[in-house]
Engineer: 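Take this structure, written in structure tokens, and hold onto it; I'll ask about it next.
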There are 4 protein chains.
Amino acid sequence: MAVLEAADDLLAERGFAGVTIEAIAARAQVAKQTIYRWWTSKTDILFEALAQDAAGYFTAPAGDDLGGDLRRHLRELAAFLSETDPGAVCRALAGQAQHDPEVAARFRSDFVTPQRERDRAPFVSAVSRGELPEGTDVDLAAEQLVGPVYYRVLVTGEPVPPEFTDALVDRYLAR
Amino acid sequence: MAVLEAADDLLAERGFAGVTIEAIAARAQVAKQTIYRWWTSKTDILFEALAQDAAGYFTAPAGDDLGGDLRRHLRELAAFLSETDPGAVCRALAGQAQHDPEVAARFRSDFVTPQRERDRAPFVSAVSRGELPEGTDVDLAAEQLVGPVYYRVLVTGEPVPPEFTDALVDRYLAR
Amino acid sequence: MAVLEAADDLLAERGFAGVTIEAIAARAQVAKQTIYRWWTSKTDILFEALAQDAAGYFTAPAGDDLGGDLRRHLRELAAFLSETDPGAVCRALAGQAQHDPEVAARFRSDFVTPQRERDRAPFVSAVSRGELPEGTDVDLAAEQLVGPVYYRVLVTGEPVPPEFTDALVDRYLAR
Amino acid sequence: MAVLEAADDLLAERGFAGVTIEAIAARAQVAKQTIYRWWTSKTDILFEALAQDAAGYFTAPAGDDLGGDLRRHLRELAAFLSETDPGAVCRALAGQAQHDPEVAARFRSDFVTPQRERDRAPFVSAVSRGELPEGTDVDLAAEQLVGPVYYRVLVTGEPVPPEFTDALVDRYLAR
DNA sequence: AAGTAATCGAGACGGTACGTCAAGTCTTCCT
DNA sequence: AGGAAGACTTGACGTACCGTCTCGATTACTT
């Protein structure tokens, strides 16, 4: 859809402030009314753009080695959030979620919840094959690993290189 | 300053979208021009409000026990970010930082950098008194602990109870 | 158009200083943006209001008697300028023309030039039917007669009664 | 006074819209408060500037020949109004007088009335020495001659060359 | 000569209006 | 019927001046 592309491009070229309904309409050669017919707001458009582009960025855990799965997953997560176009959309939506509870709700249901499932997958897999004990707090483990990545992306703005994510995994496994 | 209070109140009452220069001016009984004379934007006002209100929310580490220092610090951080008024300002600015590089730069210099110093303090203290070895990667350690807190606050929106922060500390110390 | 009426009314009620775009918009129950879409300035609005209202204030010369034509025309001119609503608009624009060359240019093309044609008409008619000789300087004659009327209206502010205009005509014809 | 000069210069350089109290203060290196201490408005300043500069522009009638007196006076009037700096101030005030009754009143008392006395002088002189009969309507005569000059200056914007003013005098004397 | 008042520059203040931008709603006209 | 076009009301933007108001710092006049 031209509208989604236009929104994406505007975000990349002019930042979030440049993503206006009018600019999207002008760039997509579409009437504003058409946009309002199909989407309720510009964040709605960005959510759809994110859904369309984010699919398939993450690979399923191989499921034979927790360390390997975690290292690969965290690297992918870091790269997705800090280097890809949908990652930029995702950051913009995370930002907007701080301002608007409705955006926050949708951000959680559309992005955070499924992403968290992917974050848990390596641990779930490890438990199921006995590499981790039955009672492991998988949620806590996932948050421990993933939290510092989001912290760098959203708070400090520092790069998130593989050395950093690998170090996180190493620390976790050394427990 | 009435302007800072007005901005704070508007943020609390109407959310970030309700924080407009006109609304601030009206509520603070001040002319718009006066606001523009002293601040460059509404985020500028919020930064100043944050600076004014955030002072003194954190206590210095006692410096005799790493576990205790960390537990207390993480609890304070979680409470500050998720339950206080300046915490709300902070979250709003973190959100805006995702949309605007200048806000991001100022957010880092005004909030993140000094806050990170406070986050590191327990570890630095522990190293200096020998509770942790000389070569300890203090930055990594701090990020590991505060990362999941910010993750809950900014991404998942889940509450951040003492049990959660304590568990993070326990996991760290169990290494 | 409600906008033109509003502008007219404001000029009559509050004077030229009361004719602001905001006041026009408020009184016409119209958004400022709508005004800016169709007019470039408040004088632009007044010009259009003048064009709309001024039409038909002057009767064509009967064309059988120079004295009668002149007397009637000067009385009409005096009444128009000093007693009618569009006359007030006209005076305001003449005033603004002293401050702004663009307004001056438009005032001349929109009002002065066609009005001068009407001023010349009695003389042209008199020449064509032989009441005045061929070589008569019609422009000079017209300026001689209307000049004192504008002088009273714009400079001295004295009333311009029929006795005055008739005396001007008598003097002219007595040549 | 630097303020009067500044107002004059601004009128010449930027037009009436450029004559603001702030601009005058800035250019005259004077505080706004100082201006408000001595003048009530920008037109007040212009009136004083006019009074200061206009003095001595007109020569008294020689008083021996009506035709010569009138020709010289009308030429001076035309030149004053259309070519001099105080003439520009005068035109600006005449314009503002169309918008503001207080300015109009002052314009009449400060400029029009004394000027009209000068306009009448040649006729008064001619009557007193018997060149014109006792009952001559001196006011009407003055308005007849002076009116077309103001008409050109304020309404049509045409130049007012000596040929034009001389022709007016010739027509008058030919009666 | 010192003390005191008037005057000055500088510029902050509460306001009004400016002209612009984008929001979201609506109507019209074309395919 | 759906979409492009675009007019509409609304409301916030950031700016320019308005006229009022403190501030020190000169001045210049008293005593």
Side-chain angles (χ1 to χ4, degrees), chain A residues 1-3 10 14 16-45, chain B residues 1-3 10 14 16-45, chain C residues 1-3 10 14 16-45, chain D residues 1-3 10 14 16-45:
Chain A
M1 174 64 93
V3 168
L10 284 166
R14 296 210 222 286
F16 188 75
V19 183
T20 67
I21 299 283
E22 306 227 317
I24 295 170
R27 175 182 275 251
Q29 300 265 66
V30 142
K32 273 201 300 178
Q33 186 55 47
T34 301
I35 294 180
Y36 283 108
R37 208 183 327 269
W38 299 101
W39 294 275
T40 63
S41 65
K42 70 183 191 180
T43 50
D44 190 18
I45 299 172
Chain B
M1 175 65 93
V3 168
L10 283 167
R14 295 212 229 286
F16 188 76
V19 184
T20 66
I21 300 282
E22 305 227 318
I24 295 170
R27 175 182 274 250
Q29 300 265 67
V30 142
K32 269 201 298 178
Q33 186 57 46
T34 299
I35 295 180
Y36 283 107
R37 213 190 318 274
W38 298 103
W39 294 277
T40 63
S41 64
K42 69 183 191 182
T43 50
D44 191 17
I45 298 172
Chain C
M1 175 65 94
V3 169
L10 284 166
R14 295 212 229 283
F16 188 77
V19 183
T20 66
I21 298 282
E22 305 226 319
I24 294 170
R27 174 181 275 251
Q29 301 264 67
V30 141
K32 265 201 301 178
Q33 185 58 45
T34 298
I35 294 180
Y36 283 107
R37 211 191 318 277
W38 298 104
W39 294 276
T40 62
S41 64
K42 69 183 188 180
T43 51
D44 192 17
I45 299 172
Chain D
M1 175 65 92
V3 168
L10 284 166
R14 298 210 223 283
F16 188 76
V19 183
T20 66
I21 298 283
E22 306 228 317
I24 294 170
R27 175 181 274 251
Q29 299 264 67
V30 141
K32 274 201 300 177
Q33 185 56 45
T34 301
I35 294 180
Y36 282 107
R37 207 181 332 265
W38 299 102
W39 294 275
T40 63
S41 65
K42 70 182 190 180
T43 50
D44 192 19
I45 299 172

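Given the structure is predicted, the values throughout are model-derived calculations rather than measurements. Heavy atoms only: backbone and side chains are in, while hydrogens, waters and symmetry mates are out.
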Engineer: Is the phosphate of dG2(F) approached by R37(A) (side-chain N or O, under 4.0 Å from OP1 or OP2)?
Structural biologist: no
Engineer: Taking N and O atoms by type only, does the side chain of K32(D) place a donor or acceptor under 3.5 Å from a partner on the base of dG9(E)?
Structural biologist: no
Engineer: Would you kindly give the CH2-to-P distance between W39(B) and dT15(F), to the nearest whole Å?
Structural biologist: 16 Å
Engineer: Within this structure, what is the NZ-to-C1' distance between K42(D) and dG19(F), rounded to whole angstrom?
Structural biologist: 14 Å
Engineer: Taking all atoms of both residues into account, what is the closest heavy-atom pair of A25(B) and A31(B), and its distance?
Structural biologist: CB-C, 4.3 Å
Engineer: Is a donor-acceptor contact shorter than 3.5 angstrom present between the side chain of Q33(C) and the base of dC21(E)?
Structural biologist: yes
Engineer: Tell me the closest heavy-atom pair linking A23(A) and G18(A), and the distance in Å.
Structural biologist: CB-O, 3.8 Å
Engineer: Calculate the interatomic distance between L10(D) atom CG and dA16(F) atom C1'; express it in whole Å.
Structural biologist: 15 Å
Engineer: Does W38(B) place a side-chain N or O at less than 4.0 Å from the phosphate oxygens OP1/OP2 of dC13(E)?
Structural biologist: yes
Engineer: From the options dA23(E), dG14(F), dA4(F), select the nucleotide whose nearest atom is closest to the side chain of A31(A).
Structural biologist: dA4(F)
Engineer: On DNA chain F, does the nearest nucleotide to T34(A) precede the nearest nucleotide to V30(C) from the 5' side, or the other way round? Give the residue.
Structural biologist: T34(A)
Engineer: Between dA12(E) atom P and M1(B) atom CE, what is the distance in whole Å?
Structural biologist: 12 Å
Engineer: So which atom in I35(D) and which in I21(D) form the shortest heavy-atom distance, rounded to 0.1 Å?
Structural biologist: CD1-O, 3.9 Å
Engineer: Locate the shortest heavy-atom distance separating W39(A) from D44(A); write the atom from each residue and the value.
Structural biologist: CA-OD2, 3.3 Å
Engineer: Provide, to the nearest angstrom, the distance between the CZ atom belonging to R14(D) and the C1' atom belonging to dA16(F).
Structural biologist: 14 Å
Engineer: Does some side-chain heavy atom of V3(B) sit less than 4.5 Å from a side-chain heavy atom of W38(B)?
Structural biologist: no
Engineer: Could you state the atom-to-atom distance from CD1 of I24(B) to P of dG11(F) in whole Å?
Structural biologist: 18 Å
Engineer: Select one nucleotide: of dT7(E), dT20(F), dC13(F), the one nearest the side-chain heavy atoms of T20(B).
Structural biologist: dC13(F)
Engineer: For E22(D) and S41(C), take the nucleotide of DNA chain E holding the closest heavy atom to each; which residue's nucleotide lies nearer the 5' end?
Structural biologist: E22(D)
Engineer: Tell me the interatomic distance from Y36(B), atom OH, to dG14(E), atom P, rounded to whole angstroms.
Structural biologist: 15 Å
Engineer: Within this structure, what is the CD1-to-C1' distance between I35(B) and dC13(F), rounded to whole angstrom?
Structural biologist: 12 Å
